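One structure below.
Keep in mind that the numbers below use all heavy atoms, side chains included, and drop hydrogens, waters and symmetry copies. Every value quoted in this text rests on a predicted model; they were computed, and no experiment measured them.
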Amino acid sequence: MTDYETIVYVERESVARLMVTALQAHGFSPREITDGGLPGIGAGLTGKGLAIAVPGHEARDAQPLAEALLKDMLAR
């Protein structure tokens, strides 16, 4: 079983899905965003948002990319 590490949190599910796709395009293996939850609650119940997680051995390289991508996504 692969140990995953959270590299960034996002508030909206649409942004989370884009982040997963972008990380995959760069060769990383992020955990898929699962369907479910409550309608209208995009950030989950944790208050932090939806976790974007990658295997532990990818986290150090994926985190700076994810942070830069998120900054670009939110700036538009």
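- Looking at Glu58, its side chain does come within 3.5 Å of a backbone N or O of Ser29 through a donor-acceptor pair.
- Thr6 meets the side chain to side chain contact (heavy atoms under 4.5 Å, CB included) test with Tyr9, Ala51, Ala53; sequence neighbours excluded.
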Check residues 19-27 and write down every donor-acceptor pair under 3.5 Å in which the side-chain atom is one partner and the other belongs to a residue at least two apart or another chain.
from, atom 1, to, atom 2, distance (Å)
Thr21, OG1, Arg17, O, 3.1
Gln24, NE2, Glu32, OE2, 2.8
His26, ND1, Ala22, O, 2.9

Using side chain to side chain contact (heavy atoms under 4.5 Å, CB included), reason through Leu50 and Glu11 one step at a time and then give a plain yes or no.
CA-CA 6 Å; Leu50 296 165; Glu11 291 185 21; over 6 Å; no
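- Scanning both residues, Tyr4 and Pro55, for their nearest heavy atoms gives CD2-N, 3.5 Å.
- Residues passing the side chain to side chain contact (heavy atoms under 4.5 Å, CB included) test with Val15 are Val10, Arg12, Leu70, Met73, sequence neighbours excluded.
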Determine, step by step, whether Leu69 and Val8 satisfy the side chain to side chain contact (heavy atoms under 4.5 Å, CB included) criterion, reporting the C-alpha distance in whole Å, the side-chain angles of both residues, the deciding distance to 0.1 Å, and the verdict.
CA-CA 11 Å; Leu69 289 169; Val8 70; over 6 Å; no
